[in-house]
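Computed over heavy atoms, backbone and side chain alike; hydrogens, waters and symmetry mates excluded.
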Amino acid sequence: MTTLASGTDTLTRDALTVLQPGFTGTSAPDWLLRRLGEGLASVGLFGRNIASPGQLAALTAQLRAERDDVLVAVDEEGGDVTRLEVRSGSSFPGNHALGAVDDVELTHQVAHELGRRLAACGVNLNWAPSADVNSDPRNPVIGVRSFGADTGLAARHTAAYVTGLQSAGVAACTKHFPGHGDTAVDSHHALPRIDVSAEGLAERELAPFRAAIAAGTRAVMSAHILVPALDPERPATLSRRILTGLLRGELGYDGLIVTDGMEMRAIADTYGIERGSVLAIAAGADAICVGGGLADDATVLRLRDALVTAVRAGELPEERLAEAADRVRALAHWAGTHGHPAEDTHGTEIGLHAARRALTVTAAPGLGDPATFEPLTEPPYVAALTPVANIAVGDETPWGIAAELIHLLPGTVTGSFSAEDGPQEEAGESAGRAALQAAGPRRIVAVVRDEHRHPWMASALDTLLAARPDTVVVEMGVPQAAPRGALHIATHGAARVCGRAAAEVIAGITGL
């Protein structure tokens, strides 16, 4: 039952309503329950809040006991970015794998099953899918979170994902508007700048968002990126030209606009979270996402008070804040009427089925047909060439194929190798020599992630393959580098289920 504190005035209640904060722990703290009673309408969950489906269901029930129409949001993309399975790896391949298959019905089914699991746990808003066209292969933050570099492919799969997710009663939040794919900077660390013409943006970046809007996406998330062709002064999250003029006006979108995390340095280091939140609401955003890093009552109160103060000072129109709060309540109403767990119509094996279909298996030039590859029968040595973790993915989530190969080939041994400080080529050679020494006589399976973005990783592979040309290479990022190795397997993502599909090929469990 919804209970609002009688002493909370409308302005303060609206300021709380537009916030989407996080918290620490696997049960709701008292301060959060108290704010729900005062008007807070949304809560964001992260990996730190989730231990099991049963625990998550109990947590969302605890929140709804305080406010029955609360929006419970999570960043569950499947693939590399998972919160439901943050400590084990996802049972679903991510967008890049689905794009590699290019079967929109499969994408719909995967998104529906993912939504069904979220709904069963009481989650009704998913900050997904990523509609970004990954046009810059150097992109450090999108990569396999994108369906691909082709605009048409990204558009049709974004639409299929939105309809699949929402058919399970979970609102989709299509991100990162107006498109975060053409950048080599991660907005977690700094403010990216995208120098593309307005015409180029309309043709490439905006197409998947148009598709999502046509598919009925209930929410859109803004990006902390500067696009001078649209607004030379303010990043998209804070730009009225982009959020109100473009997204609302030109694209005709009337659903909820959510900001990306306001504590990300692209905003926090340039405007500060209080000023940034006021500017975002003034620009046309309806909900302020915060809590990935700042997750306490003090942050909620700081942002609430900043919004109230801005209205009273005439810096933020009260009707704009009220409009934003109304959109939050409208989405909560939709979720309340649609948010019932759907039946399991596709089975729990859909993720593995999709991961198997996403594999690209090749051999290096001159090393024959991959169909003639002799599967491994003895336990190998798995050398994981490990890059620095993407912040969006986090370092809690395991990746690779070692765990799956241990299951299929008991006795498999693994080690992780990274670049040390110094020249990249030398660091790679050092990592390669260390892997060779650790492997001994065992067959080597080298696992990489975005080899094309990491010169040290390419150098390590050079060293491994020069000494051991029978090495199997598994690329679990964007397969931009040329295939090499006795067998090269591109999984198009590092989810656990992608590792399982690759391990099956290596051990000869499934045909090529």
Side-chain angles (χ1 to χ4, degrees), residues 12-25 28-29 31-36 38-50 63 67 70-76 81 83 123 125-128 141 173 175-177 186-191 219-225 235-238 243 256-310 316 321 324-325 327-328 331-332 391-392 394:
T12 302
R13 188 162 60 246
D14 284 350
L16 279 171
T17 297
V18 302
L19 302 180
Q20 292 190 347
F23 63 95
T24 57
W31 68 260
L32 184 66
L33 299 176
R34 184 165 61 252
R35 301 306 168 205
L36 287 171
E38 295 172 356
L40 186 70
S42 307
V43 175
L45 302 181
F46 298 86
R48 62 178 180 244
N49 305 121
I50 301 171
L63 296 172
R67 179 168 185 151
V70 64
L71 283 170
V72 181
V74 72
D75 193 7
E76 179 56 62
V81 180
R83 308 304 177 219
V123 174
L125 171 60
N126 190 10
W127 293 318
V141 67
C173 183
K175 60 189 183 185
H176 306 80
F177 186 82
D186 183 347
S187 52
H188 290 88
H189 297 297
L191 178 62
V220 168
M221 178 176 283
S222 66
H224 303 330
I225 56 174
T237 293
L238 312 183
L243 298 188
L256 189 78
I257 299 178
V258 184
T259 72
D260 207 344
M262 295 301 286
E263 69 270 43
M264 293 166 63
R265 294 177 66 178
I267 299 296
D269 285 3
T270 52
Y271 294 88
I273 64 168
E274 294 96 332
R275 177 71 175 155
S277 295
V278 170
L279 292 175
I281 297 294
D286 305 304
I288 301 295
C289 177
V290 66
L294 299 174
D296 52 36
D297 193 30
T299 299
V300 173
L301 295 180
R302 284 167 61 194
L303 298 186
R304 180 201 68 181
D305 293 348
L307 292 168
V308 169
T309 299
L316 174 64
L321 180 61
R327 280 210 181 89
V328 174
L331 182 58
I391 288 181

Can you see which heavy atom on [X] is nearest to which on [Y], and at what distance?
{"X": "Ala280", "Y": "Thr259", "result": "CB-CG2, 3.9 Å"}
{"X": "Ala325", "Y": "Val18", "result": "N-CG1, 3.7 Å"}
{"X": "Leu321", "Y": "Ala15", "result": "CD2-N, 4.1 Å"}
{"X": "Ala285", "Y": "Ala324", "result": "O-CB, 3.9 Å"}
{"X": "Glu263", "Y": "Ala268", "result": "O-CB, 3.6 Å"}

**Asked** Considering residues at least two apart in sequence or located in another chain, which fulfil the side-chain hydrogen bond (donor to acceptor under 3.5 Å, both in side chains) criterion with Ser42?
**Response**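 Residues passing side-chain hydrogen bond (donor to acceptor under 3.5 Å, both in side chains) with Ser42: none at all.
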**Request:** Please identify each residue that fulfils side-chain hydrogen bond (donor to acceptor under 3.5 Å, both in side chains) with Asp286, with sequence neighbours left out.
**Result:** Arg248, Arg320, Arg327
Tell me if a side-chain donor or acceptor on [X] pairs with a main-chain N or O of [Y] at a distance below 3.5 Å.
{"X": "Thr17", "Y": "Gly39", "value": "yes"}
{"X": "Glu76", "Y": "Arg83", "value": "yes"}
{"X": "Thr237", "Y": "Ala223", "value": "yes"}

Rounded at 0.5 Å granularity, tell me how far [atom1] in [X] sits from [atom2] in [Y].
{"X": "His176", "Y": "His224", "atom1": "NE2", "atom2": "NE2", "answer": "9.0 Å"}
{"X": "Thr270", "Y": "Leu238", "atom1": "OG1", "atom2": "CG", "answer": "7.0 Å"}
{"X": "Ile281", "Y": "Leu316", "atom1": "CD1", "atom2": "CG", "answer": "7.5 Å"}
{"X": "Trp31", "Y": "Leu36", "atom1": "CH2", "atom2": "CG", "answer": "9.0 Å"}
{"X": "Asp75", "Y": "Leu45", "atom1": "CG", "atom2": "CG", "answer": "11.0 Å"}
{"X": "Cys173", "Y": "Gln20", "atom1": "SG", "atom2": "CD", "answer": "7.5 Å"}

Side-chain heavy-atom pair [X], [Y] within 4.5 angstrom cut-off:
{"X": "Val290", "Y": "Leu19", "answer": "no"}
{"X": "Ile267", "Y": "Asp260", "answer": "no"}
{"X": "Asn49", "Y": "Val74", "answer": "no"}

**Request:** Report the residues that fulfil side chain to side chain contact (heavy atoms under 4.5 Å, CB included) with Ala283, sequence neighbours left out, ordered by chain and then residue number.
**Result:**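 Counting only residues at least two positions away or on another chain, Ala283 forms a side chain to side chain contact (heavy atoms under 4.5 Å, CB included) with Arg240, Leu243.
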**Contacts of Ala28 that satisfy side chain to side chain contact (heavy atoms under 4.5 Å, CB included) - sequence neighbours left out** = Leu32, Leu33, Leu59, Gln62, Leu63
Which atom pairs, donor and acceptor, lie under 3.5 Å between side-chain atoms of residues 297-307 and protein residues at least two apart or in another chain?
from, atom 1, to, atom 2, distance (Å)
Asp297, OD1, Arg35, NE, 2.9
Asp297, OD2, Arg35, NH2, 2.9
Thr299, OG1, Asp296, OD1, 2.7
Arg302, NE, Glu274, OE2, 2.8
Arg302, NH2, Glu274, OE1, 3.4
Arg302, NH2, Glu274, OE2, 3.0

**Request:** Look at atom CZ of Arg275 and say whether more than 12 heavy atoms of other residues, nucleotides or ligands are closer to it than 6.0 Å.
**Result:**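 At most 12 heavy atoms, drawn from other residues, nucleotides or ligands, come within 6.0 Å of this atom.
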**Complete:** Sorted by chain and number, sequence neighbours left out, ring pair (Phe, Tyr, Trp, His ring centres under 6.0 Å) with Phe46 holds for Trp127
